[in-house]
2 protein chains.
Amino acid sequence: MQNNKVTIHDIAKALNLDSSTVSRALNDSPRVIQKTKDIVLAKATEMGYQRNHLASSLRKSKTNTIGVIVPRISRHFFSSVISGIEETAYEAGYTVIICQSLEQFNREKKIINTLMGQRVDGVLMSISMETKDYKHLEVLKKQGIQLVFFDRHCDIPNYSNVLIDDFNSGFEATEHLILKGCKHIAHFSGPQNLEIYKNRFKGYKHALSKHGLPFEEALVFPSKLMEEDGRKNSEKLLALPNPVDGIFSANDVAAIGAIKYLTSNGVKIPEDIAIVGFSNEPISTVINPALTTINQPGIEIGKAATALLLRQITKENDALDAQTIIMDSNLIERQSSKK
Amino acid sequence: MQNNKVTIHDIAKALNLDSSTVSRALNDSPRVIQKTKDIVLAKATEMGYQRNHLASSLRKSKTNTIGVIVPRISRHFFSSVISGIEETAYEAGYTVIICQSLEQFNREKKIINTLMGQRVDGVLMSISMETKDYKHLEVLKKQGIQLVFFDRHCDIPNYSNVLIDDFNSGFEATEHLILKGCKHIAHFSGPQNLEIYKNRFKGYKHALSKHGLPFEEALVFPSKLMEEDGRKNSEKLLALPNPVDGIFSANDVAAIGAIKYLTSNGVKIPEDIAIVGFSNEPISTVINPALTTINQPGIEIGKAATALLLRQITKENDALDAQTIIMDSNLIERQSSKK
DNA sequence: CTGTTAGCGCCTTCAC
DNA sequence: GTGAAGGCGCTAACAG
C-alpha cells in the first residue's frame, strides 16, 4: 500500500485539496480546521508519508541540525558530553551531526566547511590541540551560525564557553589531601600550554599557600598523559630526600601509572601516599579504591552547552550576549584515605 | 567581501556565465573546459561560496549521510564503534548522524522516522534490548534505505550483520583459565535473551567439555550488568562447598564488582581465583593487573560495518547479498596469572 | 479557512 | 562547450 516517496502533493490529490493546505495541516497550523487536519493526518499515515526534511529545511533555511566537533569520540569524557548533547537536542527536535578532529587543525577546517555545507543551525566544539589560529571559524559568524565552545576554552569575542572550573578542582583536590594530613604533596602536571592544566596547577599552588605549606618546584613532575610518565615520576619521587605523602595528578592516566608502579614497589595507597587524580575515563573510578577522583561532569556539560546553543539559535534576533558557564567538577572520595 | 549565502547564480552573474555551467564546473564535469573551471573555482573561493548540500541532496535524492543508532553513546564499546564509523564515513565523503535509543523501543521507532525524514542513504544500528518486533524497520527497506546491524545480531532476511564471535570468545576465555590450571570455573552470565550472552555461555560449556571438565549448573551465576551482581555472586560463590578457582565473566561490570568484593575479603587474584572478563569499558584493562580481558574491537567493527554499508549503498542496483561478518575479539593477558 | 503562486539552491535533461 | 528551462518537496506570501 504505502509506497516510495509519498509527497504532500500525493496526499493533496488523494484528498482533493491543495498541497499547501496539506502542508499547513501537517504543521498543525491554526489556519486549518481541525477536521481537515484529522483527515490529512489519517491519509498521511495511511499512505506512509514521511516529511522530507531536506526540502523543508531548504525552504525555511533552518535545518534543526547542530554540528558537534570533538577531538575524539571514543574518549570517555567526550562521549559523555555527546551523550548529553544528543539528549538535549533530541528533546528539542534537533538532530546532531558528530565529527572528530582527531586533534588535527586541517581536519577541523574541513569539518567546519562540511557543517556549513550541511547548513547546521549551530555548532558545539572543543577546539583541537593543534589549533592556534581561529580564522577558519570566522565564516560561521559571517553566516550567522551560532557557536559555543565547551571544555577547551577559546577566547574569541562574542562566543560562549562552557567550562569546568579547573582552578577550583585543582584547589579542592589538593586541599583534600592537606586536610587528610599530607605535608609533602607532589603534583603530576599536564601540558602547560593548555589552560586546563595550567589552572589545575594554579589551584594546587593556591591550596598549598592557603594552608601554609611551602611550594617546592622539585615536587612538580611534568607528564604527557601517558602511564609511562606516571611510572617514571613515581620512581623519581621515591628517590627524593623528603618522602612525599600525597600526589595530586592533573591527569588520571599518569595517576594510574603511578599506582601501578608504587603498589608493585611495596608502597601502600593511601596509607603511605594518598593520591587524587582527575578522571577523564571511567578507569579511575575503579582502578584502586584508594584513588580519590575528581569527576568531570561530561553529560552535564553537554546538556548545558546544548541548551545555551539552542537559546542562541532561537533568540538570534536580540542576540544573546556571550557568556561563560563554569561547571563544577566533583571530588569523589573512594575510601576514607590516609592517617 | 564575501557575504551571506553566495549561490551558483551569484557566481554565474559575476562571470557572465550561466548557473548550469558554474554547477558543472564546481562538480568537475568533463563537459566544461578546464579554463572555465579554473575561473569559476577561483571566483567561488573569492566570493566565499559554500555549496548548499540541502539543495544538492534534494535535487539528487542522495544525501551522502548515514544514520547511526546505538543504545548509548557513552558506553565505551559504542563510542569506539562510532569512532570507527565516523572515520570511514569521513574518508568516503559521508556525514554521520548519531542517535541513541537508550535501549527504548519507542525512541528507536522515533529515531528511524527522523532518519528517514533526513533522507539518510543508509543506517547502521545496534538494536535496543527492548526491541522484539522489527516492523518499524520495514519502512527502511520500502524506501530503499540500506541497513546494516552491528554487535547485536538481528535476524531479518536480506540484512547484513557485523558481529563479534562470542562463542569463540567465551570458549577462548574459558580455555585460557583451564590451561592456567583452573578446575572449578564459575561463569557470570549476562541476560540470556541476548544472543551475545547465550553464545559466550555456550563457549564456556564447550571449553569445559572439550577439556573433560564437568559442567555444573551451580557455578553459573546470572547477572544484569551491574557491579552489585558481581558482589552478590562472589558472596554466593565463596559459600560453595567446592571452592572455585576461576571465573569467566561475560560482562566486565560484574567482574569489577567481583574483584572489589573478593579482594576486600582477602581473596587473592589470580592466585586464589583467576578471572577473565569481557572488556566493554577501558576499565578492565587497568582495574587489576590480574584480570585477563577479552577485548571487543569496537573501532574495527565500526569501520567494517561502514565499509559494508557504503558498498551496499553504491552498488544498490545489483544489490549485494546480505552477509555476516564475524570479527574476532582478542584475549589480552595482563599478567602470567595463576599457579 | 483554503487555494494560487512563487521560489529556496541545485542539477540535469534538452537544445544549440 | 555552454545556455535555457524545469523541477526535487516544501512553505510562505498573497488572495479570496
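Everything numeric in this text was worked out from a predicted model, so none of it was measured. Side-chain atoms are counted along with the backbone in the values below, which use heavy atoms only and exclude waters and symmetry mates. Naming: A, B, ... by sequence-line order, numbering from 1 per chain.
The stretch residues 85-136 of chain A participates, sequence neighbours left out, in these ring pair (Phe, Tyr, Trp, His ring centres under 6.0 Å) pairs: Phe105(A)-His136(A). Annotation: salt bridge (Lys or Arg N to Asp or Glu O under 4.0 Å) contacts involving residues 12-23 of chain A, sequence neighbours excluded, are absent. Residues in residues 93-115 of chain B take part in these salt bridge (Lys or Arg N to Asp or Glu O under 4.0 Å) pairs, two or more places apart or across chains: Glu86(A)-Arg107(B), Glu103(B)-Arg152(B).
As rounded to whole Å, 17 Å separates atom P of dT2(C) from atom NE2 of His9(A). Atom pair Leu58(B):CG and dG7(C):C1' shows a separation of 12 Å (rounding to whole Å applied). Distance CG (Asn52(A)) to P (dC8(C)): 18 Å, rounded to an integer number of Å. Remark: C1' of dG9(C) and OH of Tyr49(B) are 8 Å apart, rounded to the nearest angstrom. The CD-C1' distance, from Gln143(A) to dG9(C), rounds to 14 Å in whole Å. As rounded to whole Å, 10 Å separates atom P of dC10(C) from atom CG of Leu54(B). Atoms CD1 (Ile8(B)) and P (dA4(D)) sit 14 Å apart, rounded to a whole Å. Put simply, CG on Asp38(B) is 15 Å from C1' on dG1(D), counting in whole angstrom units.
Using a 4.0 Å heavy-atom cutoff across all strands shown, Leu17(B) reaches sugar-phosphate atoms only and no base atom. When heavy atoms are screened at a 4.0 angstrom cut-off, Thr36(B) is found touching the sugar-phosphate backbone but no base atom. Nucleic acid contact for Ile33(A): sugar-phosphate only, since backbone atoms but no base atoms lie under 4.0 Å from a heavy atom of the residue.
Each of Asn27(A) and Ala55(B) lies near DNA chain D, and the nucleotide nearest Ala55(B) is the one positioned closer to the 5' end.
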Give every pair of a protein N or O atom and an N or O atom of nucleotides 12-16 of chain D that lie under 3.5 Å apart, one pair per line with the distance.
{"unit_1": "dA12(D)", "atom_1": "O4'", "unit_2": "Arg59(A)", "atom_2": "NH2", "d": "3.4"}
{"unit_1": "dA13(D)", "atom_1": "N6", "unit_2": "Arg24(A)", "atom_2": "NH1", "d": "3.2"}
{"unit_1": "dC14(D)", "atom_1": "N4", "unit_2": "Arg31(A)", "atom_2": "NH2", "d": "3.2"}
{"unit_1": "dA15(D)", "atom_1": "N6", "unit_2": "Arg31(A)", "atom_2": "NH2", "d": "3.1"}

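In summary, Glu138(A) and Lys135(A) do not engage in a salt bridge, as defined by a charged side-chain N under 4.0 Å from a carboxylate O.
Taking the side-chain hydrogen bond (donor to acceptor under 3.5 Å, both in side chains) definition, one finds that Lys37(A) meets it with Asp28(A), sequence neighbours left out. For Arg119(B), there are no side-chain hydrogen bond (donor to acceptor under 3.5 Å, both in side chains) partners at least two apart in sequence or on another chain. Residues passing the side-chain hydrogen bond (donor to acceptor under 3.5 Å, both in side chains) test with Asn113(B): none are found, sequence neighbours excluded. Applying the side-chain hydrogen bond (donor to acceptor under 3.5 Å, both in side chains) test to Lys60(B) and every residue at least two apart in sequence or in another chain returns nothing.
With Tyr159(A) as the aromatic partner, Lys141(A) meets the cation-pi criteria of under 6.0 angstrom to the ring centre and within 45 degrees of the ring axis.
Within residues 109-120 of chain B, no residue has a heavy atom under 4.0 Å from DNA chain C.
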